[in-house]
Amino acid sequence: MPQKPSLPKGTRDFSPVEVAKRQHIIQTIKKHFERYGFEPIETPSFENSETLLGKYGEEGDRLIFKILNSGDFISKVDDVTYSSKNSTTLAPKITERALRYDLTVPFARYVVMHQNEIAFPFKRYQIQPVWRADRPQKGRFREFYQCDADVVGAKSLLQEVEFVSLYDAIFTDLGLEGCTIKMNNRKILSGVAEVIGAKHHLIDFTVALDKLDKIGEEKVKAEMLERGLSAHAIERAAPLFQMEGDISQQFEQLKKLLSESEIGLEGVIELEEIYNWVEEGGLQTAKLELDVTLARGLNYYTGAIFEVAAPEGVAMGSIGGGGRYDDLTGIFGLKDVSGVGISFGLDRIYLVLEELGLFPEKLTQSLDYLCLNFGGEAEKAAFELVMKLRNQGFRIDMYPSAAKMQKQLKYADKRNVPAVVFLGAEELEKREFIVKNMSSGEQSVGSLDNITATFQ
RNA sequence: GUGGUUGUAGCUCAGUUGGUUAGAGCGCCGGAUUGUGGUUCCGGAGGUCGCCGGUUCGAACCCGGUCUUCCACCCCA
């Protein structure tokens with residue numbers, strides 16, 4: 001009995017139209033990456049487990065897909081480990097490889113391994129799928145694409161400015177106007193933790209703060225208490241909950257709050273400089289905002305942090321993120337290489353563009369013309385015409401058999417062909433053909449002896 | 001990983017307190033129309049009701065398990 005086929009949780013098939021739409025996004029992103037001087041690389045879909053494990057925190061490790069060793073791997077495990085039934089000690093012995101979890105850590109590995117061939121600063125982009133053993137939800141999949149651009153070996157804040165501009169250029173080109181680029185700085189978060197006397201609770205402090213827009217001030221404070229912060233510390237952090245005014249006023253409020261913290265002030269000054277640079281150049285459609293509660297994906301960021309939110313009214317998690325990480329390659333033994341990068345979430349951008357109806361109509365057209373088939377001598381003449389037009393670069397297909405016209409036209413309809421070509425016995429006799437526009441219904445006559453007069 | 005939710009035709013969904021042969025709309029195929037599609041009319045095909053097991057004379061419906069979907073946590077693109 002044949003089994004019913006199914007797809008693993010969190011994965012999807014893509015139809016021709018969906019692939020065309022995804023390619024449209026990818027092509028747009030690539031075009032702008034290259035315009036800004038980034039070069040493409042690719043890395044394997046799986047890495048050695050030790051390359052990935054421990055880089056994303058405990059939570060991240062849990063979400064990494066581990067690949068079972070091949071061969072008789074159980075017999076190689078010692079009895080103590082085997083009988084302990086402890087996944088954390090057993091797993092490393094039977095899974096020596098794992099699917100990549102993002103593109104940044106494999107990139108860091110790449111940089112370290114190829115450091116002698118690379119001309120620094122190295123600007124690379126990478127568009128490949130990543131895998132996470134997460135529980136799927138809307139816009140969260142177990143297999144999804146990331147589109148990353150990073151620069152390593154350049155400490156200048158000019159890099160951050162370029163990335164903001166790149167975000168703006170790409171989202172504008174995709175027709176996705178009104179995106180918000182939220183910006184924060186790890187140094188500000190560290191500084192705040194320092195001045196409120198919660199230096200050792202930095203992570204607890206930021207994780208709770210990050211939820212401000214979602215659960216509100218009271219609940220955030222409650223969570224901070226629960227996470228071990230003192231009431232006094234929370235009280236001192238009050239100005240964070242009351243940031244107001246335009247961005248430069250917010251910078252002033254932060255400076256006041258952080259006046260005792262060298263690192264905190266440094267963070268504010270960095271963002272201020274980025275902001276001033278961006279202001280000078282101007283953005284096309286995106287808005288750059290300061291968001292001191294932004295703290296996600298904090299694991300390896302050390303400086304600026306970015307996150308992009310879709311235009312208002314679209315319920316979707318962030319569609320892009322990034323930041324500066326000063327010592328990512330350090331874990332692989334290469335010190336003092338500063339890096340900064342951004343990422344685009346292809347799958348989420350797709351969902352947003354779909355929801356807003358922003359995909360160009362043209363993408364659903366896979367053919368410029370369909371040539372009908374009337375059989376006999378006309379079929380040969382039609383095939384000849386089709387081949388000539390293909391050689392000229394047109395996307396043209398010929399119906400493979402002399403089926404009823406009704407059927408052939410219905411097929412043209414379904415394929416969303418803008419125009420069909422008729423070349424039957426009647427036309428052949430006069431050395432002609434007819435071109436019918438499928439949306440207007442208009443027909444025009446062309447000459448077989450001068451096809452370029454019709455097709456150009 | 002925790003708690004909840006969902007699954008019936010290709011798609012969107014009905015289906016009464018458990019009771020003969022499980023329905024609709026859209027789509028699909030054929031005809032009206034042998035050289036003109038997207039409109040209309042007529043006809044037709046298509047389902048082991050997610051899967052496995054249990055209760056019952058009898059299960060789409062009740063119970064258990066499992067997979068899937070979506071949601072809230074966790075975390076994140």
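Here the structure is a predicted model, which means the values were calculated and not measured. Chain letters run A, B, ... following the sequence lines, proteins first, then strands; residues in each count from 1.
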K.L.:
CG/A:L157 to CD/A:E270 distance, rounded to the nearest 0.5 angstrom?
P.N.:
5.0 Å
K.L.:
Using the C1' atom as the reference point in each nucleotide, state the distance between B:rU69 and B:rG7 in Å, no decimals.
P.N.:
8 Å
K.L.:
Should the pair A:R142 and A:F65 be classed as cation-pi, given the thresholds of under 6.0 Å to the six-membered ring centre and 45° from the axis?
P.N.:
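No, cation not above the ring by the 6.0 Å, 45° rule.
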K.L.:
So what's the dot-bracket for RNA chain B: Watson-Crick or G-U pairs under 3.5 Å, [ ] if a pair crosses, | if it pairs off-strand?
P.N.:
((((..(..((((.....[...)))).(((((.......))))).....(((((..]....))))))..))))....
K.L.:
Between A:R109 and A:E47, does any side-chain N to carboxylate O distance fall below 4.0 Å?
P.N.:
yes
K.L.:
Taking atom types as modelled, is there a side-chain donor on A:T43 or A:Q126 under 3.5 Å from an acceptor on the other?
P.N.:
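Checked: A:T43/A:Q126 side chains pair up, N/O donor to acceptor below 3.5 Å.
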K.L.:
Give me the distance, rounded to whole Å, that separates B:rU68 from B:rC52 when you measure between the C1' atoms they each carry.
P.N.:
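Approximately 15 Å lies between the C1' atom of B:rU68 and that of B:rC52.
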K.L.:
Should the side chain of A:E427 and the base of B:rG35 be counted as holding a donor-acceptor pair, with the cut-off at 3.5 Å?
P.N.:
yes
K.L.:
A:R62 or A:G441: which one's nearest nucleotide on RNA chain B is closer to the 5' end?
P.N.:
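Final value for this comparison: A:R62.
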K.L.:
Can you run down the ring pair (Phe, Tyr, Trp, His ring centres under 6.0 Å) pairs that involve residues 427-452 of chain A, sequence neighbours left out, and say none if there aren't any?
P.N.:
A:F433-A:F455
K.L.:
Is there a donor and acceptor pair closer than 3.5 Å between the side chain of A:R415 and the base of B:rG37?
P.N.:
no
K.L.:
OP1, OP2 of B:rG30 versus side-chain N and O of A:K407: anything below 4.0 Å?
P.N.:
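So the side chain of A:K407 is within the cut-off, an N or O lying under 4.0 Å from OP1 or OP2 of B:rG30.
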K.L.:
Using the C1' atom as the point on both nucleotides, what is the distance between B:rG25 and B:rC67, in whole Å?
P.N.:
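Straight-line distance between the two C1' atoms is 30 Å.
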K.L.:
Does any donor-acceptor pair link the side chain of A:R135 with the base of B:rU2 at a separation under 3.5 Å?
P.N.:
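Side chain to base: pair present.
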K.L.:
Given B:rG37, B:rA77, B:rU69, which nucleotide is nearest the side-chain atoms of A:Q146?
P.N.:
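Closest nucleotide to the A:Q146 side chain: B:rA77.
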K.L.:
Under 4.0 Å between a side-chain N or O of A:K9 and OP1 or OP2 of B:rU68?
P.N.:
yes
K.L.:
Please tell me if A:Q137 has a side-chain N or O lying less than 4.0 Å from either OP1 or OP2 of B:rA72.
P.N.:
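Answer yes for this pair, as a side-chain N or O of A:Q137 is under 4.0 Å from OP1 or OP2.
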K.L.:
Which nucleotide in the set B:rG37, B:rA77, B:rC29 lies at the smallest distance from any side-chain heavy atom of A:K436?
P.N.:
B:rG37
K.L.:
Does A:R324 count as lying over the ring of A:Y301, i.e. NZ or CZ under 6.0 Å from the six-ring centre, within 45 degrees of the axis?
P.N.:
no
K.L.:
Of A:I434 and A:K404, whose nearest nucleotide on RNA chain B comes first from the 5' end?
P.N.:
A:K404
K.L.:
Please tell me which of the listed nucleotides, B:rC75, B:rC28, B:rC70, lies nearest to the side chain of A:K138?
P.N.:
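Between B:rC75, B:rC28, B:rC70, the one nearest the side chain of A:K138 would be B:rC70.
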K.L.:
For a quick test of your reading: what N or O donor-acceptor pairs under 3.5 Å do the side chains of residues 303-320 of chain A make, sequence neighbours left out?
P.N.:
none

K.L.:
Quick check: any donor-acceptor pair below 3.5 Å linking the side-chain of A:Q443 to the base of B:rU36?
P.N.:
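Yes, a donor-acceptor pair under 3.5 Å.
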